[in-house]
Protein chains: 2
Amino acid sequence: MSESSKSSKSPNSSRRNNTDPESTRKEILQAALEVLAKDGPESLSVTQVARLAGVNRGTAYQHFPTREDLTHATTAWVSERIYEEFYGDFEELSEKNEVYPADLAQERLSEFAMNNPELSRAWLFDVMSTKGVVTDPFWTRYVKELEAFRKSGYGRQDIDVEVFAFISLSSALLWPIWVGAHAKNSKSRKKMQRRFVDEMMRLTLFGSLEPSVHTELLERFGKTTAPD
Amino acid sequence: MSESSKSSKSPNSSRRNNTDPESTRKEILQAALEVLAKDGPESLSVTQVARLAGVNRGTAYQHFPTREDLTHATTAWVSERIYEEFYGDFEELSEKNEVYPADLAQERLSEFAMNNPELSRAWLFDVMSTKGVVTDPFWTRYVKELEAFRKSGYGRQDIDVEVFAFISLSSALLWPIWVGAHAKNSKSRKKMQRRFVDEMMRLTLFGSLEPSVHTELLERFGKTTAPD
DNA sequence: TGTATAGTCAACAATGGTGTACACTACTGG
DNA sequence: CCAGTAGTGTACACCATTGTTGACTATACA
């Protein structure tokens, strides 16, 4: 008995026979996401994923020929899901206003990250996996929206859109992980989310320096326009 | 021939005989840092580290009895090194001024991260490894300095020190990784560092929203004091 | 009814890792 | 010159994982 999920000796007892290949694929991807979010793409094993998905290892190999295929499919799936869950209902949300308001965007991003720590982790791992120049639709769209916001006159004209997008995105997605390690109960986690949103809002509104004692800096950076 | 580094048949040719155990320990740690920074702590193997360090596997096991010991020792070493390299000469830098100026601090942090992408990666992996409530001296000190800065009157009184520390630290350390993936040559990387520092300074000075069109937000957040 | 599909189960070779052990060597200091 | 220390080279038992193959089964569909 080199490989066995339960202790069924006869091979005829094939319970759990799913007719829908797409659903098992999803289950495998979901399990893959969970293990990927834990330790990163390099320490993802097909065996582990199959166990977690409650699926035979052979089945996993039918869907994803190699380990690499599985990790790639998973990160792609993560990207799609993030985009979908974040921008899926964006049109109806923003059509009421010509521009999606900054505070709601911040709130929404933070809430999303808090409610989807696994997706956040997976995304961050993807960013950190040296190979990956991130070209996923989520990032692209986020930058695009921010640029529109800047152009609309609601945002400062001199912000470096890409850098600011990076700062807000990375910290918002990393925060829940930090919080998960520090905050015990869900009430405490809610509070931490509040703190993050508030601080981020305060930062985007006012910055962090007392202007009256930084006249020299104000002059140096106040005159600067957005970099090329 | 289960294990062989070169093709030396006789076991007498033991070149590379280091008398200083501390130096080989460092070499092992350095190699461990490199592989840890690559794929995270979970996919660090003693074999791999020993190979990279140019050291016999047995030697590695003499210094670090188990794989876990090695990873823990490495993360601890990372923490020490970051603290040392960042705050090692801090006193002499700040004694000229009563408070270390904000722009120099930002510049310094960003430059450090750019020059030490591996340390940055390792630190981030540590933050991301669920278990780890980060208690390392670097983080503690960073928060402490920021708190002092706030109290000094140079920073805004209403900033949430911990959250702001988290935002600036995480984004500054993650940025070089992002850049490393996107920027090809060193000139381009220098430029990217400049962009980050400038944008971070702009953000801390002015925020990102056009105040004139956010009067409602200004009122909501302007009255808020720092959370408990 | 029969055939294709999706999945189960078991086995296998190959690879690479862990942790331990032991004999051996080279360098150092007393 | 001798003992101790640091490191080498090799072997071994054990385990997990990969990727493959082949036999089998339940379901869907034509």
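- For the pair Arg67(B) CZ and dC15(D) P, the computed distance is 18 Å after rounding to whole Å.
- Not a single donor-acceptor pair, N or O on each side, falls under 3.5 Å between the base of dG17(C) and the side chain of Arg57(B).
- Taking the charged nitrogens against the carboxylate oxygens, Asp160(A) and Arg194(B) have no contact shorter than 4.0 Å, which rules out a salt bridge.
- dT18(C) atom P lies 8 Å from atom CG of Leu44(B), rounded to whole Å.
- Note on Arg25(B): nothing from the nucleic acid sits closer than 4.0 angstrom, heavy atoms only.
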Would you give me the side-chain donor-acceptor pairs under 3.5 Å for residues 109-117 of chain B, sequence neighbours excluded?
residue, atom, partner, partner atom, Å
Asn115(B), ND2, Glu111(B), O, 3.3
Asn116(B), ND2, Phe112(B), O, 2.9

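- Atom P of nucleotide dT18(D) and atom CZ of Arg51(A) are separated by 10 Å, given to the nearest angstrom.
- Atom NE2 of His63(B) is separated from atom P of dT5(D) by 14 Å (rounded to the nearest Å).
- Following rounding to the nearest Å, Asp39(B) (CG) and dG16(C) (C1') show an atom-to-atom distance of 16 Å.
- In terms of the side-chain contact (heavy atoms from CB on, under 4.5 Å) criterion, residue partners of Ser208(A) (sequence neighbours excluded) are, by chain and number, Arg202(A), Leu203(A), Ile159(B), Phe164(B), Thr204(B).
- Salt-bridge check for Glu145(B) with Arg141(B): passed, with a basic side-chain N closer than 4.0 Å to an acidic carboxylate O.
- In this entry the distance linking CG of Leu52(A) with C1' of dA16(D) reads 17 Å, nearest Å.
- For Tyr61(B), counting side-chain heavy atoms from C-beta on, the closest listed nucleotide (dT18(D), dT20(C), dG7(C)) is dT20(C).
- Among the atoms of the strands shown, base atoms are found under 4.0 Å from some heavy atom of Thr59(B).
- We find that CD of Gln62(A) is positioned 13 Å from C1' of dT25(D), with the value rounded to whole Å.
- Protein atom CD of Glu42(B) is 16 Å distant from nucleotide atom C1' of dT17(D), rounded to whole Å.
- A sub-4.0 Å separation between OP1 or OP2 of dT18(C) and a side-chain N or O of Thr66(B) is absent.
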